[in-house]
Amino acid sequence: MGLGLVTLSACGSSNDSGSGGDSKTVTLVSHDSWAVSKNVLADFEKKSGYQVKVLKDGDAGEAVNKAILSKGNPQGDVFFGVDNTLLSRALDNGIFASYKAEGLADVKSEYQLDSGKNRVTPVDTGDICVNYDKAYFEQHKLTPPASFADLAKPAYKDLLVTENAATSSPGLGFLLGSAASQGDDGWQGYWKKLKANGVKVVDGWDQAYNEEFSGSAGGKKAKGDRPLVVSYASSPPAEAIYSDPQPKTSPVGVATGTCFRQIEFAGLLDGAKNEKGGQALIDFLVSKEFQEDMPLNMFVDPVTKSATPPAEYTKYAVPVDDAETMSPRKIADNRDDWVKSWTSLVLK
């Protein structure tokens with residue numbers, strides 16, 4: 001996920017619990033967007049007796065690749081942040097040990113993509129979607145796009161910026177969403193139309209959203225001129241909550257017919273030095289306390305039935321009822337070939 005805006009270094013308790021390795025410390029390996037409220041983490045540390053150490057390993061793709069390279073001798077005990085676009089790569093490389101989380105029964109079944117084997121535990125979900133600058137469309141008396149097909153129409157020429165599918169998680173998610181929407185035989189023709197319609201491609205989310213997109217605070221400062229950007233359905237609350245003063249409605253809208261559902265997982269790393277601590281940490285990630293803390297820290301949605309997102313988040317959030325999805329196996333079978341084809345079509 002690309003919207004985590006808070007970082008921290010954990011502080012721990014002096015209680016002793018568990019066994020193996022340094023029993024007082026449990027190490028979480030994650031991408032750069034990991035974030036949690038200090039008081040929520042401190043509560044876990046006090047109750048469990050473990051001090052949490054966090055190692056951030058770049059974006060999701062980089063972090064997964066590093067975990068694969070250190071297979072069997074991992075940097076930590078738990079890995080958080082592998083999503084459904086890269087899940088098969090992690091599972092096929094055997095980097096996780098099986099563990100059934102204590103709160104797994106509370107996790108909605110549609111997110112349990114490794115059900116039965118329990119090598120990974122669902123932690124959060126969010127939708128990769130095209131966002132739009134409300135002010136731009138109001139000023140130009142133009143209806144915002146509502147679907148993948150709309151984005152290729154002449155009315156939206158030179159308005160969209162997206163991320164490179166080979167280097168960016170939302171860029172890859174948007175490619176997969178277009179393949180799910182347009183079909184195995186139709187997505188290449190669709191991208192030819194997008195290219196002819198002036199789609200701009202940049203390396204990553206931060207550049208796309210905070211520099212090129214005219215609807216974000218960062219984009220306004222950078223004089224971004226693209227009123228359409230591939231980002232997340234949770235961009236509207238992030239944009240509004242960090243505004244001072246907070247607006248009644250977010251300046252960012254979501255084209256809900258352009259979404260691809262992303263699910264993030266955590267897993268106990270095979271060879272973890274503190275296996276019991278790792279198991280306790282995974283239990284914590286699906287606890288009601290952590291699930292309700294996530295939305296305002298990482299701007300993602302809970303996966304458990306009992307969690308209720310904070311009112312401040314839901315006030316601005318845009319619900320997506322029919323996001324595109326794709327099985328991890330289909331993604332595994334096609335991802336590399338699709339990215340190569342996409343690169344040839346769009347970047348050359």
Side-chain angles (χ1 to χ4, degrees), residues 1-7 30-37 40 59-60 80-81 83-85 108 110-111 122-134 144-146 161-163 168-174 176-177 204-210 212-213 215-219 227-243 246-265 285 290-304 307-325:
M1 301 283 174
L3 291 171
L5 300 171
V6 182
T7 60
S30 184
H31 51 55
D32 289 343
S33 294
W34 159 264
V36 61
S37 297
V40 171
D59 70 21
F80 164 75
D83 65 42
N84 49 316
T85 69
K108 296 172 185 176
E110 64 261 36
Y111 302 131
V123 175
D124 67 72
T125 185
D127 294 312
I128 294 166
C129 309
V130 170
N131 292 174
Y132 60 87
D133 177 356
K134 289 180 179 177
V161 58
T162 188
E163 301 84 359
S168 161
S169 177
L172 176 57
F174 186 61
L176 295 175
W205 176 85
D206 191 58
Q207 184 183 355
Y209 189 84
N210 288 318
E212 302 286 344
F213 178 49
S216 69
L228 296 173
V229 63
V230 173
S231 186
Y232 294 91
S234 55
S235 300
E239 198 64 46
I241 287 165
Y242 283 96
S243 295
Q246 284 187 13
K248 287 186 178 178
T249 59
S250 178
V252 174
V254 176
T256 56
T258 65
C259 301
F260 179 78
R261 183 139 299 160
Q262 192 175 38
I263 306 161
E264 281 192 303
F265 301 84
L285 295 179
F290 181 82
Q291 289 283 304
E292 293 185 344
D293 184 64
M294 285 190 311
L296 290 179
N297 278 297
M298 292 191 282
F299 290 90
V300 289
D301 294 311
V303 293
T304 58
T308 304
E312 191 179 11
Y313 178 80
T314 56
K315 175 182 177 181
Y316 298 107
V318 178
V320 178
D321 297 325
D322 297 307
E324 298 289 349
T325 59

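When reading the values below, keep in mind they use all heavy atoms of this one structure, side chains included, and skip hydrogens, waters and symmetry mates. Here the structure is a predicted model, which means the values were calculated and not measured.
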Counting C-beta onward and ignoring hydrogens, is there a side-chain heavy-atom pair between Q207 and E212 closer than 4.5 Å? yes
Hey, does F80 have a side-chain heavy atom less than 4.5 Å from the side chain of D124?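 In short, these two side chains touch, coming nearer than 4.5 Å.
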Picking from T325, T85, I128, what satisfies side-chain contact (heavy atoms from CB on, under 4.5 Å) with L176? T85
With side-chain contact (heavy atoms from CB on, under 4.5 Å) as the test, pick out the partner of M294 among L285, V40, V300, D301. V300
D321 side chain to T256 side chain, donor-acceptor N/O pair below 3.5 angstrom: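 Checked: D321/T256 side chains show no N/O donor-acceptor pair below 3.5 Å.
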Inter-residue atom distance E163.CD - S169.OG, 0.5 Å rounding: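 Interatomic distance, E163 CD to S169 OG, rounded to 0.5 Å: 9.0 Å.
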Output the distance between atom OH (Y132) and atom CG (L228), rounded to the nearest 0.5 Å.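 Output value for this atom pair is 10.0 Å.
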Using modelled atom types and a 3.5 Å cut-off, is there a donor and acceptor pairing between side-chain atoms of [X] and backbone atoms of [Y]?
{"X": "S243", "Y": "Q246", "value": "no"}
{"X": "N84", "Y": "R261", "value": "yes"}
{"X": "Y316", "Y": "P247", "value": "yes"}
{"X": "T162", "Y": "V230", "value": "no"}
{"X": "T125", "Y": "Q262", "value": "yes"}
{"X": "D127", "Y": "C259", "value": "no"}

Under the ring pair (Phe, Tyr, Trp, His ring centres under 6.0 Å) criterion, do F174 and W205 qualify, and how do the steps go? CA-CA 12 Å; F174 186 61; W205 176 85; over 10 Å; no
All heavy atoms of P302 vs all of P295, minimum pair found to be CD-CG, 4.2 Å
V36 to W34 - nearest heavy-atom pair and separation: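 Scanning both residues completely, I find the closest heavy atoms to be CG1-CZ2, 3.7 Å.
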